[in-house]
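Here is the structure we will look at, set down as structure tokens.
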Amino acid sequence: MSADIQNVPSVEVNGARIPLLGLGTWDLRGRVCARVVEQALRLGYRHIDTAEMYDNEREVGEGLRASGVKRNDVFITTKIWPSHFAPLELERTARECLGRLRLGEVDLLLLHWPNPQIPLAETLGALCKVKRDGLARHIGVSNFTVPLMDEALRLTSEPLVCNQFECHPFLDQSKLIAACRQHGMAVVAYSPIAKGRVRDDETLSRIGAEHKKTAAQVCLRFLVQQNIVVIPRTSKVERLSENAAIFDFALSEPEMASIAALARRDGRLVNSAFSAQQNWD
Ligand SMILES: NC(=O)c1ccc[n+]([C@@H]2O[C@H](COP(=O)([O-])OP(=O)(O)OC[C@H]3O[C@@H](n4cnc5c(N)ncnc54)[C@H](OP(=O)(O)O)[C@@H]3O)[C@@H](O)[C@H]2O)c1
């Protein structure tokens with residue numbers, strides 16, 4: 001086992017301890033998914049990110065059980081797809097997620113994308129009830145803008161512990177990050193290595209060479225050094241260790257500034273799959 005992956009630090013918000021490193025599982029399916037999850041946990045990952053939409057909760061649960069790691073030592077997140085945001089449907093869907101994972105509760109349950117067709121107050125009411133009923137230890141949101149986050153915080157009766165959104169050096173998310181900090185919410189960065197595109201970046205590679213690290217490791221370090229949770233995905237077992245070896249070096253302030261300067265206008269990689277599906281803007 002790599003020493004780098006032991007004792008991954010956590011971010012603590014509103015009673016939740018979220019490990020700063022997790023494994024993303026979008027697009028991992030079947031045996032590959034179960035195997036990567038199992039290996040990640042054996043290596044020392046303690047946080048797995050899935051969603052009902054990824055169609056892999058069953059395999060995530062299988063990987064968890066095969067790893068032999070105790071349930072309470074792993075932080076499991078899943079997400080409810082917006083077409084299931086009507087209150088009764090949300091509750092039913094949460095139970096179905098748990099059934100596929102074969103878990104009594106998840107650590108974190110998120111609203112996957114906003115759904116303007118269903119009043120947020122109703123959806124949040126149902127999400128809070130699901131938490132109170134013991135199906136989720138913590139709740140939060142994903143892909144919420146600053147105004148939507150403000151609205152959600154006004155409407156919720158339970159703490160919202162995070163906003164999960166696209167976050168990597170090629171995209172300036174400073175306003176959303178500042179809003180999360182102001183509200184005591186964790187930032188969970190998805191697509192944290194820009195879907196693998198960081199590999200070809202000259203600045204990240206040059207800084208990496210100075211630290212004997214890869215561009216992907218420098219990118220992940222840039223985020224965790226700001227207390228941002230990262231959930232890189234890989235289908236390759238050998239990359240699990242690489243993506244986790246980010247807690248044994250530090251970037252200087254000038255290095256952090258050079259990486260922050262990589263943000264560009266067209267840096268966004270993920271558009272709302274849900275809006276596109278519904279034919280909205
Ligand atoms: N809430 C949301 O709406 C939302 C949206 C998108 C993603 N997410 C979550 O965030 C997770 C991560 O985001 P993502 O999957 O979009 O992108 P990502 O983690 O930024 O990048 C994944 C890609 O990078 C490659 N890769 C992994 N490690 C690498 C390394 N060390 N060097 C070079 N390439 C590497 C992977 O290929 P190989 O498989 O070949 O290694 C894969 O193609 C998802 O899996 C999902 O759990 C959430």
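The structure presented is a predicted model; accordingly, all values stated were derived computationally and were not measured. Just so you know, ligand 1 is whichever comes first in the structure, and atom 1 is the first atom listed for that ligand.
Between Arg92 and Glu89 there is a salt bridge, with a side-chain nitrogen of the basic residue lying less than 4.0 Å from a carboxylate oxygen of the acidic one. Using a cut-off of 4.0 Å between Lys/Arg side-chain N and Asp/Glu carboxylate O, Lys212 and Asp248 are scored as not salt-bridged. Here Glu62 does not pair with Arg58 in a salt bridge; the nearest charged N to carboxylate O distance is not below 4.0 Å.
Looking only at distances, a side-chain donor or acceptor of Gln226 sits under 3.5 Å from a matching main-chain atom of Phe222. For Asn163 (side chain) and Leu176 (main-chain N/O), no donor-acceptor pair under 3.5 Å exists by modelled atom type.
Protein residues lining ligand 1, listed by chain and number: Gly24, Thr25, Trp26, Asp49, Tyr54, Lys79, His112, Trp113, Ser142, Asn143, Gln164, Tyr190, Ser191, Pro192, Ile193, Ala194, Lys195, Gly196, Arg199, Ala216, Ile231, Pro232, Arg233, Thr234, Ser235, Lys236, Arg239, Glu242, Asn243 [non-hydrogen atoms, distance under 4.0 Å].
A cation-pi geometry, defined here as NZ or CZ lying under 6.0 Å from the six-membered ring centre and within 45° of its normal, holds between Arg264 and Phe170.
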